[in-house]
Engineer: 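Pasting a structure here, questions to come.
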Amino acid sequence: MINFDEELRKFHPSLEVEDVEDAIYNQDMQDMVDVMLRVTKEGMSGAEGSPAKEKN
């Protein structure tokens, strides 16, 4: 039969899990708003020579 108290005393978290956790939390991730703002800004700066801009 399994002695749960003994098994809990022997338990040590995996170092790999802790390393992954640090990598995830320390990363500056962009959300969709950041991506859309960048795409919009890039689209506006490249629009000066576009046919849509010349019609106005």
Side-chain angles (χ1 to χ4, degrees):
M1 190 159 112
I2 297 174
N3 183 341
F4 289 104
D5 292 329
E6 181 181 338
E7 294 299 321
L8 286 173
R9 279 192 297 270
K10 292 192 287 184
F11 175 77
H12 297 286
S14 172
L15 293 176
E16 295 169 4
V17 172
E18 291 174 0
D19 292 339
V20 170
E21 183 180 65
D22 289 340
I24 291 171
Y25 286 122
N26 292 333
Q27 195 173 39
D28 184 28
M29 299 179 68
Q30 295 181 337
D31 64 1
M32 283 303 295
V33 173
D34 295 332
V35 173
M36 293 302 294
L37 287 172
R38 188 184 73 205
V39 168
T40 304
K41 188 182 292 184
E42 288 173 0
M44 292 299 230
S45 66
E48 282 109 24
S50 71
K53 185 74 171 181
E54 292 173 8
K55 287 181 182 179
N56 291 336

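Keep in mind that this is a model prediction, so the values were computed, not measured. The figures that follow rest on heavy atoms only: side chains count, while hydrogens, waters and symmetry mates do not.
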Engineer: Among residues at least two apart in sequence or on other chains, which ones pass side-chain contact (heavy atoms from CB on, under 4.5 Å) with Val33?
Structural biologist: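 Asp31, Leu37.
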
Engineer: I'd like a table of donor-acceptor pairs (distance under 3.5 Å, sequence neighbours excluded) in which one partner is a side-chain atom from residues 1-13, with atom names and distances.
Structural biologist:
{"unit_1": "Asn3", "atom_1": "OD1", "unit_2": "Asp5", "atom_2": "N", "d": "3.3"}
{"unit_1": "Asn3", "atom_1": "OD1", "unit_2": "Glu6", "atom_2": "N", "d": "3.4"}
{"unit_1": "Glu7", "atom_1": "OE2", "unit_2": "Lys10", "atom_2": "NZ", "d": "3.4"}

Engineer: Using the side chain to side chain donor-acceptor pair (under 3.5 Å) criterion, which residues pair with Lys41? Sequence neighbours excluded.
Structural biologist: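 Listed in chain order: nothing, the list is empty.
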
